[in-house]
Every structure is written in C-alpha cells, then in structure tokens.
Amino acid sequence: MESVLLDTPEGITARLGWDPKLSEHDRKRMLAKEIVSARLGIDPKELRVEREAPRTFGFHTQLFAEVDGEEVPLRIRNVSFRAATVVAVADPAVPLGLDLRDAHPDESELNHMRRHSHLLEEHDLSKLLAHWTRVQAVRDADGRGARVAADHVRLNSPLTKGWIPDRRVQYDLTDLSRDGWIITLAYGATPA
C-alpha cells in the first residue's frame, strides 16, 4: 500500500493510504500501525491494532492499539472512501474528526450534499465540497455522527471553526487535501 504523511497541526499525525486490492479494514490497521509505532519508536511487529466492539447498532467502531497487552494511550480516528483511507492519531483527550471525499463526486453524492447543506451558492463545487467535508468532520469529532443532522452544524465564514449549537465545543478545521482527495480534519484543543 502506498501512503503519505499529511501536513497536520502539532500533536496530531495523519496518513493517507490507498490500495484498491486491500480491504478498508486492512488499510486502516496498516496506517494506524505505521503512525503509532513511529510515535512510540517501536517495531510495528510489537504493536497490535484492534477494533473496539460495537456498543449499539450503527455504532462506528474505532481502532485502539496495544503493546504487550496494554492499551496505548492514543486516540485513533479513521475514515475511508473507495480505495483510500486516512488515519489520524493524537493524545486521547483531543477530540478528532475526519472526512474524506473524491475531488470529483458523482451526481448522486452531489445531490445529497446540496440537499443537506445550508449553503446559498451550492453550484460552486469547490465551495460545496469545502463546506460539506468540514460539516462531516465536525459531526465525526462530536461523536454522534449521523445522529446530528448535517444542517445543524455551524461553520464560521472562513471555514476554520465548526460547532454544533447544543454543545459548548468548537473545533478547529484544517484542510489536508492532496492527490485528488478532499480531506478535512476537525480537532479540539490539546489539554494544558
């Protein structure tokens, strides 16, 4: 699998990987192993990456890493779209959210974005994609995902901050896009 390190804020490491021959599960585990082993300075063979058990129907499970049976204190988030996967790793207290889209979405996906976006200028593809990926990253960071309607997410005008009005958390938004993929990272403050 080919992968590239993404340009992330300090304290967060993320990689984009793609390989149509690998399953989504294999891609995200391989990327997580690569990031976590580099952060810990250990051989990837010493690291075990597993998926948490689903708590309820529709719950999106996350990955966790173990060394010698002990869980590693890092938050691992991932997102996949077709043959591409992004994995981000940070301190466990930092809320993270990701979104990954093709830079050239099909008509069905565009219709979905337009229907659930509250943009006035929905015909500008770059604005629509920038808005939509940020909304999705905020929903992912919030943890409630699809239980929060996309049109409830609020973004500031430069699209650098996002929030959901019923919570007192604001997320910084960073564009990590590259290689024909639109990638957005939403993250909360690192604890002092």
Side-chain angles (χ1 to χ4, degrees), residues 1-19 22-36 38-39 49-52 54 58-65 74-103 105 109 112-113 116-117 128-148 150 152-155 159-164 167 169-190:
M1 173 177 64
E2 291 189 48
S3 77
V4 293
L5 188 63
L6 298 173
D7 188 20
T8 54
E10 188 175 335
I12 301 171
T13 306
R15 292 191 80 84
L16 164 66
W18 60 94
D19 188 335
L22 287 177
S23 73
E24 172 187 340
H25 299 292
D26 289 341
R27 285 192 314 267
K28 64 186 177 185
R29 282 189 172 92
M30 289 171 74
L31 290 168
K33 268 189 161 189
E34 192 174 348
I35 295 169
V36 173
R39 278 183 81 129
V49 175
E50 290 296 324
R51 188 177 70 151
E52 65 185 352
F59 177 72
H60 291 275
T61 58
Q62 295 301 316
L63 299 175
F64 65 92
L74 292 171
R75 178 180 302 263
I76 303 171
R77 297 297 288 185
N78 65 85
V79 64
S80 293
F81 188 79
R82 296 189 181 132
T85 298
V86 174
V87 172
V89 176
D91 181 281
V94 176
L96 292 175
L98 290 165
D99 190 64
L100 170 65
R101 304 278 159 178
D102 188 323
E109 190 173 359
H112 179 75
M113 286 183 222
H116 296 287
S117 172
L128 180 62
L129 281 170
H131 180 268
W132 189 253
T133 61
R134 283 160 175 79
V135 165
Q136 297 308 312
V138 168
R139 290 171 70 194
D140 187 44
D142 174 74
R144 294 177 287 176
R147 294 186 310 249
V148 174
H152 288 160
V153 175
R154 298 294 178 253
L155 304 173
L159 303 179
T160 58
K161 301 253 184 222
W163 65 94
I164 299 171
R167 297 223 171 141
V169 179
Q170 258 196 15
Y171 302 99
D172 290 314
L173 298 165
T174 300
D175 179 27
L176 306 177
S177 301
R178 69 176 293 150
D179 300 329
W181 299 104
I182 306 299
I183 307 165
T184 301
L185 169 70
Y187 60 100
T190 304

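Keep in mind that the numbers below use all heavy atoms, side chains included, and drop hydrogens, waters and symmetry copies.
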Problem set entry | Atom pair CG/CE of L129 and M113 - distance to nearest 0.5 Å | 5.0 Å
Exercise. Looking only at heavy atoms, what is the nearest atom pair of L22 and R27, with distance?
Worked result: O-NH1, 2.9 Å
Problem set entry | Any residue meeting side chain to side chain contact (heavy atoms under 4.5 Å, CB included) with A65, in chain and number order, not counting sequence neighbours | V36, L47, V49, V72, I76
Seminar exercise, completed: d(T184 OG1, Y171 OH) to nearest 0.5 Å is 15.0 Å
For this session: Apply salt bridge (Lys or Arg N to Asp or Glu O under 4.0 Å) to R75 and list each qualifying residue two or more places apart in sequence or on a separate chain.
Result: none
Exercise. Checking R101 side chain against W132 main chain: does a donor-acceptor pair fall under 3.5 Å?
Worked result: no
Exercise. Where the side chain of S177 meets the backbone of I183, is there a donor-acceptor pair that is under 3.5 Å apart?
Worked result: yes
Problem set entry | Rounded distance (nearest 0.5 Å) linking atom OG1 of T8 with atom CG of L185 | 7.5 Å
Exercise. Atom OG1 of T133 and atom CG of L128: how far apart are they, to the nearest 0.5 Å?
Worked result: 9.5 Å
Exercise. Does R77 reach the main-chain N or O of D140 with its side chain, forming a donor-acceptor pair under 3.5 Å?
Worked result: yes
Problem set entry | Any side-chain donor near an acceptor of the partner, R15 and S3, under 3.5 Å | yes
Exercise. Got a donor-acceptor contact below 3.5 angstrom from the R178 side chain to the L6 backbone?
Worked result: no
